[in-house]
Amino acid sequence: SIAAFARRLKGAPVDVVLQNAAVGVAGPAVHEVSVEELETHFRVNAIGPLLLTQELLPNLRAGERRLVVAVSSGLGSIAENTSGGWVAYRVSKAALHQLMKTLSAELSKEKLTFVSISPGWVRTRMGGQDAPLSPEESVRAVLKVVDRLTHKDSGRFFNERGREIPW
């Protein structure tokens with residue numbers, strides 16, 4: 001589907017790519033997580049964004065903003081992991097962060113910008129009904145942050161309010 005999407009955009013400049021596909025479950029404890037769960041999470045949360053970025057690089061290079069934003073999660077922060085759990089999700093989101101940082105470093109001279117952003121704790125199937133943000137509130141907040149991003153922000157990780165999150 002990524003290659004077909006890129007074919008439809010062939011030759012069209014793209015200013016902003018907002019990568020939002022994800023899979024995540026609280027899932028089993030670290031001693032019980034399966035290879036299949038890890039593979040599924042990595043395929044969707046880290047490999048998919050890499051493949052999409054590879055396919056859209058010509059479009060981004062032709063664009064004005066040249067911005068790629070990966071919707072991630074605070075659960076992918078190594079520094080802020082004090083509770084464990086969510087093993088496959090956490091490690092796949094940490095891999096996504098490494099991808100965005102690596103893309104930032106490798107393509108910085110081309111003025112391409114790569115940023116990870118957490119949408120906050122949102123009332124979705126994954127976030128549950130106790131989450132403080134509605135999907136609409138989260139989207140509005142994230143888009144405000146995206147609007148303010150510049151190339152100087154490349155390789156960084158932000159929350160939905162624009163506060164930098166430690167890797």
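Leu51 CG to Phe5 CZ: the interatomic distance, rounded to the nearest 0.5 Å, is 14.0 Å. A distance of 10.0 Å separates OG of Ser1 from CD of Glu55, quoted to the nearest 0.5 Å. Atom CZ of Phe157 sits about 6.0 Å away from atom OG of Ser77, to the nearest 0.5 Å. We find the OG-NE2 distance between Ser73 and His97 to be 7.0 Å, quoted to the nearest 0.5 Å. Ser154 contributes atom OG, which lies 10.0 Å from atom NZ of Lys111 (distance to the nearest 0.5 angstrom).
With sequence neighbours excluded, no residue forms a side chain to side chain donor-acceptor pair (under 3.5 Å) with Ser116. Applying the ring pair (Phe, Tyr, Trp, His ring centres under 6.0 Å) test to Phe158 and every residue at least two apart in sequence or in another chain returns nothing.
Connection of Met100 to Leu56 is established within a shared hydrophobic cluster, with ILVMFWY side chains joined at heavy-atom distances below 4.5 Å, either directly or through further cluster members. Hydrophobic clustering of Ile, Leu, Val, Met, Phe, Trp and Tyr side chains at less than 4.5 Å, counting indirect connections, keeps Leu96 apart from Trp167. Follow the hydrophobic side-chain contacts under 4.5 Å out from Leu107 and you never reach Leu67; the two are in separate clusters. Hydrophobic clustering, with ILVMFWY side chains joined whenever heavy atoms are under 4.5 angstrom apart, keeps Leu133 apart from Val146. Clustering ILVMFWY residues whenever any of their side-chain heavy atoms sit less than 4.5 angstrom apart, transitively, puts Ile2 in the very cluster that holds Leu103.
Scanning both residues, Gly127 and Ala131, for their nearest heavy atoms gives O-CB, 4.0 Å. Among all heavy-atom pairs drawn from Pro132 and Glu137, the shortest one is O-OE1, 3.8 Å. Nearest heavy atom pair, residue Pro13 against residue Ala62, reads CB-O, 3.3 Å. Taking every heavy atom of both residues into account, Asp153 and Leu149 meet most closely at OD2-CA, 3.4 Å. Closest of all the heavy-atom pairs between Val87 and Pro28 is CG2-O, 4.1 Å. Nearest approach of Lys93 to Gly76, heavy atoms of both residues: CB-CA, 3.8 Å.
Screening His151, Arg65, Lys152 for a side chain to side chain contact (heavy atoms under 4.5 Å, CB included) with Thr113, the sole residue that qualifies is His151.
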query: Step by step, would you call Leu112 with Leu57 a side-chain contact (heavy atoms from CB on, under 4.5 Å)?
result: CA-CA 9 Å; Leu112 290 154; Leu57 272 176; 4.0 Å; yes
- prompt: Should Arg66 and Glu110 be marked as a salt bridge (Lys or Arg N to Asp or Glu O under 4.0 Å) after you check the CA-CA gap, both sets of side-chain angles, and the distance that decides it?
  reply: CA-CA 9 Å; Arg66 300 171 150 209; Glu110 294 185 53; 5.3 Å; no
- prompt: Passes side-chain contact (heavy atoms from CB on, under 4.5 Å), Val115 versus Val145? Steps please.
  reply: CA-CA 11 Å; Val115 173; Val145 175; over 6 Å; no
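Through ILVMFWY side-chain contacts below 4.5 Å, Trp121 is grouped with nothing and stands alone. In this structure, Tyr89 belongs to a hydrophobic cluster whose other members, linked by side-chain heavy atoms under 4.5 Å apart, are Leu75, Trp86, Met126. Through side-chain heavy atoms spaced under 4.5 Å, either directly or across other Ile, Leu, Val, Met, Phe, Trp or Tyr residues, Val35 is tied to no other residue.
Applying the 6.0 Å contact sphere to CG of Leu9 captures more than 12 heavy atoms from other residues, nucleotides or ligands. Arg163 CZ: more than 12 foreign heavy atoms inside a 6.0 Å radius.
The closest donor-acceptor contact from the side chain of Arg123 to the backbone of Gln129 lies at 3.5 Å or more, if one exists at all. With hydrogens and angles ignored, the 3.5 Å screen pairs no side-chain donor or acceptor of Ser104 with any backbone N or O of Phe114. Looking at Arg90, its side chain does come within 3.5 Å of a backbone N or O of Gly84 through a donor-acceptor pair.
Within the 4.5 Å cutoff, side-chain heavy atoms of Leu38 are placed close to those of Val91.
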Can you give the donor-acceptor pairs under 3.5 Å from side chains of residues 15-23 to other protein atoms, not counting sequence neighbours?
residue, atom, partner, partner atom, Å
Asp15, OD1, Glu64, N, 2.6
Gln19, NE2, Pro49, O, 3.3
Gln19, NE2, Thr53, OG1, 2.9

